Amino acid sequence: QVQLVETGGGQVQVGGSLRLSCIASGYIGDLHIGWFRGKEREFVASIGIHDGVTYSPRERFAISADRAVNTVYLQMNNLEPEDTAVYYCAGSRDGGYDYWGQGTEVTVSS
């Protein structure tokens with residue numbers, strides 16, 4: 001069983017940066033970990049833990065992983081008010097995201 005906990009949210013001004021952490025318990029070596037946001041779970045970025053391949057459509061956001069501490073990071077730069085949301089990390093083993101954290105709230109103020 002995999003459990004995920006997000007940390008690092010908070011309030012930041014426009015143009016600022018935040019780094020979110022997704023701390024995992026359990027084996028994640030065969031997972032894809034994704035970051036999502038909002039009620040509709042908008043896709044933000046993903047990483048394959050086994051191969052390190054990343055996908056992040058927004059150049060302002062970068063995803064990375066540290067397997068030594070079972071943590072996936074989302075570095076968010078040049079934040080905009082539209083980035084305000086609850087951010088979730090999720091784990092996928094066979095195509096569907098089956099493991100979800102509780103979310104961490106990000107507020108970007110002007």
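Keep in mind it's a predicted model, so treat the numbers as computed, not measured.
For Q13, the CD atom counts as loosely surrounded, since its 6.0 Å shell holds 12 or fewer non-hydrogen atoms of other residues, nucleotides or ligands.
A side-chain donor-acceptor contact under 3.5 Å links N70 to the backbone of G26. In this structure, the side chain of T84 does not engage the main chain of E82 through any donor-acceptor pair within 3.5 Å. Side-chain atoms of E6 come within 3.5 Å of backbone atoms of Q102 as a donor-acceptor pair (strictly under, hydrogens ignored). The main-chain N or O of N77 is never found under 3.5 Å from a side-chain atom of S17 such that the two would form a donor-acceptor pair.
Within the 4.5 Å cutoff, no side-chain heavy atoms of E105 are placed close to those of Q11. L79 places none of its side-chain heavy atoms less than 4.5 Å from the side chain of V14. Between Y87 and V44, the closest side-chain pair of non-hydrogen atoms falls below 4.5 Å. At a threshold of 4.5 Å between non-hydrogen side-chain atoms, the residues C22 and W35 count as touching. At least one side-chain heavy atom of R67 sits less than 4.5 Å from a side-chain heavy atom of I49. With contacts defined as side-chain heavy-atom distances shorter than 4.5 Å, the pair T7/L20 does not qualify.
Note on R93 versus D98: no salt bridge recorded, every NZ/NE/NH1/NH2 to OD/OE distance being 4.0 Å or above.
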task = Check the pair F61 / L74 against side chain to side chain contact (heavy atoms under 4.5 Å, CB included), numbers first and verdict last.
result = CA-CA 7 Å; F61 294 177; L74 181 69; 4.3 Å; yes
message = Under the criterion side chain to side chain contact (heavy atoms under 4.5 Å, CB included), I'd like the reasoning laid out for L4 against I23: C-alpha separation, chi angles, the key distance, then a yes or no.
response = CA-CA 6 Å; L4 304 173; I23 304 166; over 6 Å; no
inquiry  = Show, in sequence, the C-alpha distance, side-chain angles and deciding distance for I28 and V2, and conclude whether the side chain to side chain contact (heavy atoms under 4.5 Å, CB included) test is met.
reply    = CA-CA 7 Å; I28 65 168; V2 174; 4.1 Å; yes
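Closest non-hydrogen pair, V106 versus G9, comes out as CG2-CA, 4.2 Å. The two residues D83 and R37 have their closest heavy-atom pair at OD1-NH1, 2.9 Å.
Residues passing the salt bridge (charged side-chain N to carboxylate O under 4.0 Å, His left out) test with E80 are R60, sequence neighbours excluded. Applying the ring pair (Phe, Tyr, Trp, His ring centres under 6.0 Å) rule to Y97 yields the partners F36; only residues at least two apart in sequence or on another chain are considered.
Every pair tested for side chain to side chain donor-acceptor pair (under 3.5 Å) that includes a residue from residues 18-27 fails, sequence neighbours excluded, so the list is empty.
Note that R41 lies in the cation-pi zone of Y88, set by a 6.0 Å cut-off to the ring centre and a 45° limit from the axis.
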